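See structure below.
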Amino acid sequence: MKKIAVLTSGGDAPGMNASVRAIVRKSIYHELQIYGIMRGFQGLINGEIKAMRLGSVADTIHRGGTILLTARSPEFLTAEGQAKGIAFLQQEELEGLIIIGGDGSFRGAGVLEAAGIKTVGIPATIDNDIPFTDNCIGFDTALNTVTDAINRVRDTATSHERVYVIEVMGRDSGHIALLAGLAGGAESIIVPEVPFDLAEVCSRLTRGVERGKLHSIILVAEGAGSAIQIAKDIEELTRMEVRVTILGHLQRGGTPTAYDRILASRLGARAVDLLMEGTSGVMVGYYQAGIQVIPYGDVFANEKSFSWEDYKLAGILAI
Ligand code: ATP
């Protein structure tokens, strides 16, 4: 293999740049020609490509977002769009493609793979909803951002003796809410994986007030319901003053943590090795204390497991 490319796709995640950097530098180390495709799969359709050199990734390891830009490409969901992308890769004589993104992006990779293009996927999404990797690139940074936000909200919550409902990202999964709730000492954690019991949330609040608690933090994953509605319902039931903070896209940005940079560097470097060895149609993850290589089919057929142990622990510690 002599000529390969990398693209970032789906939602951006802190650490994507560290992964691109590792891919570029590892490729150059092995004397491969390495190219960046801009704007994910849309860049394949539009033919947006640039040669990457050592300096192309200088000063990027600490930057959030992605220097290759990212996009959601509805056109790549069509047979016509896919044919254009495949034709472009063939025309450029690109033999392998590394795709940094979420499970949707791996489905796109699967389409290319079926057309004979060698691909390797690297999991990067703050939602952390991909199986066979403990963490996806970006999750640790988002978790630290949310934990820091909880600390800040807690200061004002305590000073005014209020209840705060904080809504966090995660789409259909509650991983950010669960672990940030555990790290931030939230009183209740509301996630899509567990049926939500408003009466139990309210009775926790009342118990807290009775034993002299000055504040309460309730963490809501966006996929579990609206923080605004939950706050209204709690106010009605408890007559307490409840405020809402929706963290939104600030959870996506920021300098990646050391953990995310290391994960991104390891997975990026391994992805290049895999293409050189002729292995493709796989995702590289960090799982069971080592780098693992998982066929896309297994990734699609499984769901990331929800940590019931952590959920129970968070409930016990917030007793
Ligand atoms: P995130 O978890 O951050 O949202 P993602 O990779 O899951 O990342 P998606 O928007 O689902 O994000 O997918 C990214 C892009 O991958 C889509 O815009 C589309 O171009 C391509 N893609 C998704 N699903 C498929 C599919 N079934 N077939 C071909 N391409 C797909």
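Model, not experiment: these values are computed from the prediction. Both ligands and their constituent atoms are indexed starting at 1 by order of listing.
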Any luck finding a side-chain donor-acceptor pair between Arg261 and Thr255 under 3.5 Å?
-> yes
Is the CD atom of Glu93 crowded by more than 12 outside heavy atoms at less than 6.0 Å?
-> no
Salt bridge between Glu235 and Arg239, side-chain N to carboxylate O under 4.0 Å?
-> no
Report yes or no: do Asp140 and Thr257 form a side-chain donor-acceptor pair below 3.5 Å?
-> yes
Protein residues that have a heavy atom under 4.0 Å from any atom of ligand 1, sorted by chain and number = Ser9, Gly10, Gly11, Phe41, Arg72, Ser73, Phe76, Leu77, Gln82, Gly102, Asp103, Gly104, Ser105, Arg107, Gly108, Val111, Thr125, Arg171
If we ignore angles and hydrogens, is there a donor and acceptor under 3.5 Å between the side chains of Thr119 and Tyr296?
-> yes
Grab the two heavy atoms, one from Ile189 and one from Leu182, that are nearest each other, plus how far apart they are.
-> CD1-N, 4.0 Å
